[in-house]
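Starting from 1, each residue takes its place in the sequence as its number. This structure is a prediction, so every number in the text was calculated from the model and none was measured.
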Amino acid sequence: LTSFMPVKQEQQIEYRPYKVGYGDTYWQLARKAQDNGYNADIRIIIDRMVERSGIKAHELKEGDTIWIPEIAQ
């Protein structure tokens, strides 16, 4: 008897630059990434964005350029 377990494939995520607008937050942008198919805990998404961007959440301001995730096609 042989059973086959589906292999859960890691999502391919790419990051693109994003210019922060007035009122933007990492939380909002991470939620949009989830809405677009990024299947990860929102806190993990935010941590990765902060790490890549080098700008802490409390330092984020309009005009900053950060890196936001997208699902690779």
Side-chain angles (χ1 to χ4, degrees):
L1 180 65
T2 304
S3 67
F4 293 96
M5 301 277 298
V7 176
K8 186 173 181 180
Q9 200 172 34
E10 178 91 14
Q11 286 183 299
Q12 294 290 34
I13 305 298
E14 295 177 350
Y15 288 82
R16 68 174 174 85
Y18 174 82
K19 188 171 183 177
V20 176
Y22 179 78
D24 282 343
T25 65
Y26 280 117
W27 187 272
Q28 282 177 318
L29 298 169
R31 176 65 70 197
K32 285 182 186 177
Q34 283 182 323
D35 291 345
N36 290 328
Y38 190 173
N39 298 321
D41 184 284
I42 196 163
R43 294 166 294 188
I44 292 170
I45 298 171
I46 293 168
D47 286 346
R48 290 177 180 164
M49 290 169 60
V50 169
E51 184 178 311
R52 283 195 176 259
S53 301
I55 302 171
K56 295 178 183 174
H58 67 276
E59 297 172 346
L60 193 63
K61 62 186 180 306
E62 183 179 10
D64 286 341
T65 299
I66 61 172
W67 293 88
I68 61 172
E70 289 185 338
I71 303 297
Q73 300 298 334

- Side-chain (Ser53) to main-chain (Trp67) donor-acceptor, under 3.5 angstrom: yes
- Under 4.5 Å between any side-chain heavy atoms of Ile68 and Met49, yes or no? yes
- Does any non-hydrogen side-chain atom of Ile45 lie less than 4.5 Å from one of Arg48? no
- Separation of His58 NE2 from Thr25 OG1 (nearest 0.5 Å): 15.0 Å
- Message: Taking the side chain as everything from C-beta on, heavy atoms only, tell me whether Ile55 gets closer than 4.5 Å to Val50.
- Response: no
- Query: To the nearest 0.5 Å, how far apart are OH in Tyr22 and CD in Glu62?
  - Reply: 8.0 Å
- Would you say the side-chain atoms of Arg31 and Gln34 include a donor-acceptor pair closer than 3.5 Å? yes
- Query: Between Asp35 and Lys32, does a salt bridge (charged side-chain N to carboxylate O under 4.0 Å, His left out) hold up when you go through it step by step?
  - Reply: CA-CA 5 Å; Asp35 291 345; Lys32 285 182 186 177; over 6 Å; no
- Do the side chains of Val20 and Ile66 get nearer than 4.5 Å, heavy atoms only? yes
- Minimum side-chain heavy-atom gap Tyr18-Asp24 below 4.5 Å: yes
- To the nearest 0.5 Å, how far apart are CZ in Arg16 and CD in Glu70? 4.5 Å
- State, yes or no, whether a side-chain contact exists between Ile44 and Asp41 at a heavy-atom distance under 4.5 Å. yes
- Count the heavy atoms belonging to other residues, nucleotides or ligands that lie under 6.0 Å from CD of Glu59, then report whether that count exceeds 12. yes
- Query: Looking only at heavy atoms, what is the nearest atom pair of Gly37 and Ile71, with distance?
  - Reply: O-CD1, 3.7 Å
